Amino acid sequence: MEIFDRISSQLVDWRERITRLKENHGSFKVSEITVEQLYGGIRGVPTSVSDISYVDAHEGIRLRGYTIPEIINLLPRMDGAEIPLVGGLYHLLMANEIPTLKDALDVEKEWQQRNRVPDYVFDVLRRLPADTHPMTMFSMAILALQSESVFAKRYAEGLAKSDFWKYYLEDSLNLTARLPVIGAFIYNLKFRQGQFISPDPSLDWGANFAHMIGKGEDKEYHDLVRLFFILHSDHESGNVSAHTSHLVGSALSDVYYACSAGINGLAGPLHGLANQECLKWLLELQAAFPDLPTRPQLEKYLSNYLDTGRVIPGYGHAVLRVTDPRFTAQLEFGKQHMPDDELFKLVSLVYECLPPILAKQGKVKNPLPNVDAINGTMQFHYGVREFEFYTVLFGIGRTLGLTSHAVWARALGKPIERPKSLTTRMLEEMVSAS
Ligand code: CMX
């Protein structure tokens with residue numbers, strides 16, 4: 001397996017670099033923490049190291065050092081496709097190098113060979129109450145697969161620590177291979193009256209998902225889902241889903257436990273679920289104006305909305321201080337493929353009008369859109385209109401990042417996490433003694 005060899009060949013160097021840092025500079029102080037940060041979600045305090053991705057407040061995400069436009073430009077794609085293969089992105093995240101077309105196709109081939117989901121997983125999903133949220137189903141399907149963990153079996157037999165990552169990689173390839181099948185099954189069960197479609201071995205991972213939800217002929221949608229999965233794959237390791245997954249994995253819970261836990265974090269409305277909220281909000285706005293509003297009409301609507309004390313979904317970010325490049329990538333795709341779509345025109349107009357209003361209000365640290373401001377609009381255009389499903393799409397993409405972090409955490413021997421907690425009394429005593 002190519003990815004296995006590529007990781008293997010880098011490990012000595014990575015391990016030496018980290019050992020050198022720890023031995024020579026182990027007591028070097030990277031940061032301090034304030035009382036406000038302790039009560040404020042540890043915002044902005046460096047607490048982990050990730051070489052897979054980094055979010056710069058003024059530039060946005062870099063995956064393995066590459067910006068989103070660079071990724072779209074550099075990763076290999078199939079003939080006739082506008083957006084690269086997701087297999088190439090997985091190679092980049094895992095193997096830390098821009099893949100050739102052959103490298104990307106090797107990952108795609110691994111995924112093809114491993115994509116069969118055992119029937120019992122579908123049985124579990126079928127037996128859930130009909131109103132179960134798709135994210136609950138997605139997380140449960142991943143957890144149900146845990147009995148397949150190669151790592152867990154090998155660990156029980158006795159495994160050297162230096163070999164943990166090899167079986168994490170095995171589990172990661174098995175899990176990620178099955179995600180489009182699981183996602184499509186959930187969509188078809190809930191929203192297409194149980195019309196199931198088998199994977200097409202001639203299609204890549206992204207296009208196969210589209211095919212399995214009945215969009216096999218829509219090549220434009222194939223590109224959109226590839227783009228969606230690539231854009232949502234990773235956003236450094238401090239966000240709720242990545243951090244949760246890493247924490248759970250640090251107990252040597254296998255990739256299935258760790259990813260299911262991360263997906264549960266993604267299901268929160270302040271994190272991944274925001275994309276469904278955004279589309280709901282946009283449709284309400286659209287309903288308020290039978291035709292596209294004029295700028296003054298929209299500005300008045302937005303100001304009145306903010307005066308009610310509610311947040312406008314899709315705007316603001318805990319780290320970013322620029323327009324999210326993942327928003328921009330989809331905006332560009334939309335300009336090319338759906339310039340006359342009414343909802344797309346509305347999203348573009350909100351983007352022109354809202355940031356100055358939010359900035360003038362003076363509360364929000366970043367008045368610009370994040371990725372969720374446009375996600376739903378793109379899906380809606382191609383007929384995927386059930387907002388409850390949008391976070392599953394996010395989760396399919398995000399699991400590529402979660403598993404890459406998991407493999408590298410074991411490869412670099414990261415220990416179990418155990419930060420310290422204090423009591424309020426201790427803090428009161430510390431500040432009064434200072
Ligand atoms: N509309 C109106 N007010 C907003 C706002 C928005 N979109 N974003 C932030 N604010 C307000 C906050 O509510 C806060 O008000 P109070 O001081 O009255 O509590 C103030 O501005 C300062 O907030 P902030 O420091 O700029 O933002 P945070 O880091 O606390 O929160 C985020 C970041 C994303 C949760 C927030 O901007 C928000 O709720 N946005 C809307 C929901 C959203 O789009 N979430 C998706 C995030 C991306 C993801 O993880 O998928």
Side-chain angles (χ1 to χ4, degrees), residues 34 36-45 53 55-58 60-61 68 135 228-245 262-282 284-285 298-299 301-331 347 350-379 387-399 401-402:
T34 63
E36 195 175 355
Q37 286 170 318
L38 275 174
Y39 282 107
I42 331 179
R43 199 65 60 81
V45 182
S53 64
V55 181
D56 181 273
H58 301 287
I61 183 74
I68 292 294
M135 280 300 274
F228 193 100
F229 294 142
I230 289 172
L231 295 180
H232 287 79
S233 60
D234 208 31
H235 216 229
E236 78 171 36
S237 61
N239 65 75
V240 171
S241 49
H243 185 198
T244 306
S245 176
I263 292 300
N264 294 343
L266 193 69
L270 293 188
H271 191 17
L273 209 74
N275 59 14
Q276 85 176 42
E277 297 299 312
C278 285
L279 192 71
K280 219 158 72 189
W281 179 84
L282 268 173
E284 275 168 29
L285 167 59
L298 181 59
E299 283 161 2
Y301 178 97
L302 296 170
S303 297
N304 289 345
Y305 190 94
L306 287 170
D307 286 345
T308 64
R310 288 175 289 173
V311 300
I312 296 187
Y315 279 74
H317 199 272
V319 179
L320 288 175
R321 297 296 175 256
V322 285
T323 295
D324 189 335
R326 300 170 301 171
F327 171 91
T328 309
Q330 293 189 81
L331 188 74
V347 163
V350 172
Y351 180 37
E352 283 173 34
C353 296
L354 182 56
I357 296 173
L358 277 173
K360 200 164 142 213
Q361 197 197 31
K363 263 201 328 183
V364 42
K365 294 194 188 68
N366 172 29
L368 296 160
N370 61 62
V371 67
D372 293 320
I374 196 165
N375 278 339
T377 301
M378 312 300 281
Q379 295 297 326
F387 349 126
E388 274 201 329
F389 187 69
Y390 293 168
T391 314
V392 173
L393 290 174
F394 190 159
I396 293 175
R398 179 51 54 94
T399 307
L402 302 183

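Numbering starts at 1 and runs along the sequence shown. Keep in mind that this is a model prediction, so the values were computed, not measured. Order of listing sets the numbers, starting from 1, for every ligand and every atom in it.
Looking only at distances, a side-chain donor or acceptor of Ser233 sits under 3.5 Å from a matching main-chain atom of Ile230.
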Write out each pair where an N or O from ligand 1 and one from the protein are under 3.5 Å apart, with the distance.
| residue | atom | partner | partner atom | Å |
| --- | --- | --- | --- | --- |
| ligand 1 | 1 (N) | Ile312 | N | 2.9 |
| ligand 1 | 7 (N) | Ile312 | O | 2.8 |
| ligand 1 | 7 (N) | Tyr315 | O | 2.8 |
| ligand 1 | 18 (O) | Lys363 | NZ | 3.1 |
| ligand 1 | 25 (O) | Lys365 | NZ | 2.7 |
| ligand 1 | 26 (O) | Lys365 | N | 2.7 |
| ligand 1 | 29 (O) | Arg43 | NH1 | 2.9 |
| ligand 1 | 37 (O) | Tyr315 | O | 3.4 |
| ligand 1 | 40 (N) | Tyr315 | O | 2.9 |
| ligand 1 | 44 (O) | Gly314 | N | 2.8 |
| ligand 1 | 44 (O) | Asn370 | ND2 | 3.0 |
| ligand 1 | 50 (O) | His271 | ND1 | 3.0 |
| ligand 1 | 51 (O) | His271 | O | 3.3 |
| ligand 1 | 51 (O) | Asp372 | OD2 | 2.7 |

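Sorted by first and then second residue, the pairs that involve residues 310-322 and meet side-chain hydrogen bond (donor to acceptor under 3.5 Å, both in side chains), not counting sequence neighbours, are Thr308-Arg310. Evaluation of the salt bridge (Lys or Arg N to Asp or Glu O under 4.0 Å) test over residues 352-369, restricted to residues two or more places apart or in two chains, returns Arg295-Glu352.
A 4.5 Å side-chain heavy-atom check between Leu298 and Leu285 finds at least one atom pair inside the cut-off. Under the 4.5 Å side-chain criterion, counting only non-hydrogen atoms from C-beta, His232 is not in contact with Leu393.
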Can you list, pair by pair, the side-chain donor-acceptor contacts under 3.5 Å of residues 272-280, counting residues two or more places apart and other chains?
| residue | atom | partner | partner atom | Å |
| --- | --- | --- | --- | --- |
| Asn275 | OD1 | Thr391 | OG1 | 3.2 |
| Gln276 | OE1 | His133 | NE2 | 3.4 |

